[in-house]
Asker: 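Next up is a structure, given as structure tokens.
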Amino acid sequence: MKPLFVFEMANNHMGDVDHGVRTIRAIREACEGFEDAFDFAFKLQYRDLDTFIHSSMRGRDDVKYIKRFEETRLSDEAFRSLVAEMAAQGFRTVCTPFDEPSVDRIEAHGIHTIKIASCSFTDWPLLERIARADKPVIASTAGSTLEEIDNVVSFFLHRGKDLTLMHCVAEYPTPDDALQVNQIGLLRERYPDCRIGYSTHESPDNTVAVMLAMAKGASVFEKHVVLPTERYPANAYSADPGQIRDWLTAARRAMQICGSNERYAPSTVERASLNSLRRGVFALRDIPAGAEIDNSMIEFAFPPSEGQVTANEWSKYARFVANETIAAGAPVMHVGVAEHHLRSKVLQAVTAVKTLLKAGNIVVPGKSDLEISHHYGMERFDEFGLTMVTVVNREYCKKLLVMLPDQTHPEQYHEQKEETFVVLHGDLTLWLDGEQQQAKAGDVITVNRGVRHKFHTEGGVVFEEISSTHYRDDSFYTDPAIAQNPRRKTWLTYWM
């Protein structure tokens, strides 16, 4: 979704519909060339002046805002003309109502979005009327407490509204030391179900604030606009078309500098720069074709060659088998080896284990290590394997054992350890000295020393092992190929 820029005319139409139309067209021209980066909206303000201003106060020239509002009064027909021009120029239409009759007018005029001014943010009679309108809502938060924002957000989200919250400071113009741009981050973190924006009142030639707001993650921006003439001069916080163009230029530059919200893909130049500084893998002795390369056969040294395997690619999750003989002292090249990378398989297994534990409402002690047994290699973990968490291993031992759907744990026995299994979730088929039996949640099975046992599950299972002390050299598999596999265990500490 592109960032949205909302241009607020307010009363800068000066009660002159022709001047309002010229303002809309001038701002449209200022947006030329930015359509690829941004979406644009134009905004009006509606007040039903005959009821909005109390009867005792009408016509008062000594009250600033009464004079301003009454001098810039427009008819319903004039407002319709401005709305039509906004749409004709390709702007999304937005309007701020300051009373309930103005919401009626917004609906009658077919305006797309309702904007709530900061002064109306907790005007509950007005919010109730706005909530009945079938329109997206943008709300400015200047001067509101977090409790008030919580209440307004809850009010609109519980009514299924598309709500955007705008950080805003109601000083006209706002000095730099009062801009509080960090509030954007606070709003984004506290209200993840809302789009967060920035409504600006700083000096119109200030382009730094919009760049900071973009960097903080704002995606909706609002600014007062004006078309100054000899008759209608600009005020201190409204931007003219040239200043709007500078503002958009700064925003686009900030967006380019900030880049993607997802993890970026490094460029070819960056990859080459990093690779040139890494250590390469070199053969310590002749490595015959078909041999799996292990640490005893290689060393890591600088500089690497183009296409060479590097130390960064050498891990317990990677296996390299020589396709051809590699001479002592030669670099180990990608083209000369078959590569098997298992990290993604390990992560998939961890995700599946966590899902099964959650399905069974199983509580796992914090910071518990996860031990993945892949008896015939991680490549066949979907068929043969088991995952365990050791809770305690003293004179007594407790473990949580997890098997994924359709997994089998090969047959084994213990000479020192006696075990009792309690099925917590799922189904378990087990064989004790070749005799098959079924178990389900709540069943208890004891396996005596020396008894051969094998497990299988169709839908996945979590079971508890309670036993005497576990010794690493006390598991004897009846298939000798398992004992010959030096890579049948993977341990993870940070997995929850």
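Not measured: the values here are computed from a predicted model.
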Asker: Given R319, which partner from the list H340, E292, H341 fulfils the side-chain hydrogen bond (donor to acceptor under 3.5 Å, both in side chains) test?
Answerer: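 The residue from H340, E292, H341 that satisfies side-chain hydrogen bond (donor to acceptor under 3.5 Å, both in side chains) with R319 turns out to be E292.
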Asker: Measure the shortest side-chain to side-chain distance between V210 and T200 over non-hydrogen atoms and say whether it is less than 4.5 angstrom.
Answerer: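 V210 vs T200: side chains apart.
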Asker: If we only count heavy atoms from C-beta on, is the N275 to P304 side-chain gap below 4.5 Å?
Answerer: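 Sidechains of P304 and N275: no contact.
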Asker: Charged N to carboxylate O below 4.0 Å: is that the case for D162 and R195?
Answerer: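 The answer is no: the pair does not qualify as a salt bridge.
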Asker: Could you tell me whether the side chain of T390 reaches within less than 4.5 Å of the side chain of H470, counting heavy atoms only?
Answerer: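 H470 does not reach T390 side chain to side chain.
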Asker: When you look at V423 and I445, which way does the side chain to side chain contact (heavy atoms under 4.5 Å, CB included) test go after all the steps?
Answerer: CA-CA 9 Å; V423 181; I445 307 101; 4.2 Å; yes
Asker: Locate the shortest heavy-atom distance separating F121 from S140; write the atom from each residue and the value.
Answerer: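 Looking at all heavy atoms of both residues, the shortest contact is CD1-O, 3.1 Å.
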Asker: State whether the side chain of S315 and the backbone N or O of Y317 hold a donor-acceptor pair below 3.5 Å, judged by distance alone.
Answerer: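 Looks like yes, one N/O pair under 3.5 Å.
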Asker: For E464, is there an ion pair with K398 - N to carboxylate O distance below 4.0 angstrom?
Answerer: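 Here K398 pairs with E464 in a salt bridge, since their nearest N and O are under 4.0 Å apart.
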Asker: Just so I know, are the side chains of F156 and I116 near enough to count as touching, which here means a heavy-atom distance under 4.5 Å?
Answerer: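 The answer is yes, as the side chains (C-beta and beyond) meet within the 4.5 Å cut-off.
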Asker: Does a salt bridge link E107 with R129, judged by any charged N lying under 4.0 Å from a carboxylate O?
Answerer: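 Answer for the salt bridge query: yes.
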Asker: Can you list the steps and then say if F455 with F421 is a ring-ring contact (aromatic ring centres under 6.0 Å, His included)?
Answerer: CA-CA 11 Å; F455 307 119; F421 301 116; 5.3 Å; yes
Asker: Taking atom types as modelled, find out whether E395 and T469 have a side-chain donor-acceptor pair closer than 3.5 angstrom.
Answerer: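 No pair is found: no donor N or O on one side chain lies under 3.5 Å from an acceptor on the other.
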Asker: M388 pairs by side chain to side chain contact (heavy atoms under 4.5 Å, CB included) with which of L401, L400, D369?
Answerer: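 Going through the options one by one, the only one that passes is L401.
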Asker: Would you confirm whether K223, through its side chain, and I244, through its main-chain N or O, come within 3.5 Å as a donor-acceptor pair?
Answerer: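 Absent.
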Asker: For residues 134-157, which residue pairs qualify under salt bridge (charged side-chain N to carboxylate O under 4.0 Å, His left out), counting only residues two or more places apart or in two chains?
Answerer: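 Applying salt bridge (charged side-chain N to carboxylate O under 4.0 Å, His left out) to every pair that reaches into residues 134-157, excluding sequence neighbours, yields D150-R190.
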Asker: Using modelled atom types only, decide if a donor and an acceptor are shared between the side chain of T141 and the backbone of M166 within a distance under 3.5 Å.
Answerer: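 Checked: pair present.
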Asker: Using only atom types and a distance under 3.5 Å, with no angle test, would you say the side chain of H201 pairs donor to acceptor with the backbone of V169?
Answerer: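 Answer holds: yes.
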Asker: Do you see a donor-acceptor pair shorter than 3.5 Å between the side chains of Q180 and H167?
Answerer: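 No - no donor-acceptor pair under 3.5 Å links their side chains.
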Asker: Between S276 and S273 (side chain of the first, backbone of the second, donor and acceptor by atom type, cut-off under 3.5 Å), is there such a pair?
Answerer: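 It does hold such a pair.
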Asker: Could you tell me if the side chain of L179 sits less than 4.5 Å from the side chain of Y198, heavy atoms only?
Answerer: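 Yes, their side chains come closer than 4.5 Å.
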Asker: May I ask you to say whether K115 pairs ionically with E222, meaning some side-chain N is under 4.0 Å from a carboxylate O?
Answerer: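 So K115 pairs with E222 through a salt bridge.
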Asker: Could you check whether S373 and K489, counting side-chain N and O atoms only, form a donor-acceptor pair closer than 3.5 Å?
Answerer: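 A donor-acceptor contact under 3.5 Å links the two side chains.
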Asker: Check for a donor-acceptor pair, side chain of H453 on one end and backbone N or O of Q412 on the other, with a separation under 3.5 Å.
Answerer: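 Between the backbone of Q412 and the side chain of H453 there is a qualifying donor-acceptor contact (under 3.5 Å).
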Asker: How close do D473 and F476 get, counting heavy atoms only, and between which atoms?
Answerer: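 So the minimum-distance heavy-atom pair works out to O-CZ, 3.5 Å.
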Asker: When you measure from the side chain of S267 to the backbone of E270, do you find a donor-acceptor pair of N or O atoms at a distance under 3.5 Å?
Answerer: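 Here the side-chain-to-backbone pair exists.
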Asker: Do the side-chain N and O atoms of H112 and T93 include a donor-acceptor pair separated by under 3.5 angstrom?
Answerer: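 Looking only at side-chain atoms, T93 and H112 do not form any donor-acceptor pair under 3.5 Å.
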Asker: For the pair D427 and K440, find out whether any cationic side-chain nitrogen is under 4.0 Å from an anionic carboxylate oxygen.
Answerer: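 No salt bridge links D427 with K440.
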Asker: Please check if the distance between the ring centroids of F5 and F34 is under 6.0 Å.
Answerer: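 No: the rings miss the under 6.0 Å criterion.
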Asker: Could you walk me through whether Q438 and T429 satisfy the side chain to side chain contact (heavy atoms under 4.5 Å, CB included) test, starting with their C-alpha distance in whole Å, then the side-chain angles of each, then the deciding distance to 0.1 Å, before giving a yes or no?
Answerer: CA-CA 5 Å; Q438 302 293 327; T429 302; 2.9 Å; yes
Asker: Say whether, by atom type as modelled, one donor and one acceptor occur between the side chain of K454 and the main chain of T408 under 3.5 angstrom.
Answerer: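 Answer holds: no.
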Asker: So, Q407 side chain and G460 main chain: donor-acceptor pair closer than 3.5 Å or not?
Answerer: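 No, the answer is negative, given that no donor and acceptor are paired below the 3.5 Å cut-off.
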Asker: When you check the side-chain N and O atoms of H414 and E419, is any donor under 3.5 Å from an acceptor?
Answerer: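 There is such a pair (donor and acceptor under 3.5 Å, judged by atom type) between the side chains of H414 and E419.
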Asker: Do the side chains of K399 and E371 get nearer than 4.5 Å, heavy atoms only?
Answerer: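 E371 vs K399: side chains apart.
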Asker: Under 3.5 Å, is there a donor-acceptor pair between the side chain of R449 and the main chain of Q416?
Answerer: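 Judged by distance alone, yes, a pair lies under 3.5 Å.
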Asker: Are the side chains of I326 and I293 in touch, meaning some heavy atoms are under 4.5 Å apart?
Answerer: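 With C-beta onward as the side chain, the pair touches.
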Asker: Side chains of D479 and Y376: closer than 4.5 Å at any heavy-atom pair?
Answerer: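 Answer yes - side chains close enough.
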Asker: Assess whether side-chain hydrogen bond (donor to acceptor under 3.5 Å, both in side chains) is satisfied between T310 and E313, documenting all intermediate values.
Answerer: CA-CA 6 Å; T310 68; E313 299 163 290; 3.1 Å; yes
Asker: Going by side chain to side chain contact (heavy atoms under 4.5 Å, CB included), C194 matches just one of L157, I149, T164. Which one?
Answerer: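 Exactly one candidate clears the test, L157.
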